[in-house]
Amino acid sequence: MNVLRFDSEPAWVHAICSLWRDRLRGTPALKMCLPSGKTPVAIYAEMAQSVGARLVSFSRAQVFALDEFGGVSADDPGSTRQMLKQQLVDHVDLPANAFHCLDPDASDISRECADYEAAIADGFDLMLLGIGTNGHLGMNEPGSPVESTTRRVDLHESTIQASARYFTHGKLPRWGLTVGLKNVLDSKEVWVLANGANKAEIVERTVRGEITPGNPASLLRTHANCWIVVDAGAGSRL
Ligand code: PGA
């Protein structure tokens, strides 16, 4: 796992976007898996600007949502689908049929997950991930199997409480659908993004602590092409 550390949050955003533009230019049909959450908000805003300025294009790319909350409506602004749409997808030239999301309202969840796996096919070229303060990746909570693929999961209590920052109502989701740790570990390139001092402890544990399913992010130390990209706050204990 390579560590990239930046002195300020703007520098962290610009560097990630610069690398991302580079990957898209090198591989226009880049197959990406993207997270929602607070971490990538400014990154998505700069990428949307970059597309508006014709510096880069998503016209041949594919975007897969990393996960989705169960029990919230598909148009809830706190859902992964809506966050990705509002922050990125609606502002770039990605074709509608190249935006893939998980539907937790599907009548057959196993089928929904199997169809997602079929669409993912031979894996992602690039995966962007946030990191939970408990080390979760997507909704792969501590203890998730290394061989896991897209599936329904129960959320840990800390994740449920943390999700309150995405929802304006108090009906917090207790489960979700997520791509699995196998999908993460099979991705050709993985960037774990972390900003802010509240991520400093988990970043330190991920980079320096034990490699264990108890901290899913630490498993990425076994990945040949993984970067953890931190700002000064998130990297303050390294
Ligand atoms: P955040 O979420 O980007 O909102 O901090 C990250 C996560 O919990 O995976």
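Note that these values count all heavy atoms, side chains included, but never hydrogens, waters or copies made by symmetry. Remember, it's 1-based here, ligands and their atoms both numbered in the order they're listed.
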Check: [X] side chain, [Y] main-chain N or O, donor-acceptor pair, under 3.5 Å:
{"X": "K199", "Y": "I131", "answer": "yes"}
{"X": "S50", "Y": "E46", "answer": "yes"}
{"X": "E141", "Y": "H156", "answer": "yes"}
{"X": "T80", "Y": "D67", "answer": "yes"}
{"X": "D231", "Y": "D7", "answer": "no"}
{"X": "N215", "Y": "T212", "answer": "no"}

>> Within ligand 1, which atoms have a heavy atom of G37 less than 4.0 Å away?
In response: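 Under 4.0 Å from G37, ligand 1 has these atoms: 3 (O), 4 (O).
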> Going by the order shown, which atoms of ligand 1 are within less than 4.0 Å of some heavy atom of Y166?
Replying inline: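 Checking each atom against Y166, I get 1 (P), 2 (O), 4 (O).
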Students should be able to answer this: which protein heavy-atom is nearest to [atom], and at what distance?
{"atom": "atom 3 (O) of ligand 1", "result": "T39 OG1, 2.5 Å"}
{"atom": "atom 7 (C) of ligand 1", "result": "H136 NE2, 3.2 Å"}
{"atom": "atom 6 (C) of ligand 1", "result": "I131 O, 3.7 Å"}
{"atom": "atom 5 (O) of ligand 1", "result": "K199 NZ, 2.7 Å"}
{"atom": "atom 1 (P) of ligand 1", "result": "R165 NH2, 3.1 Å"}

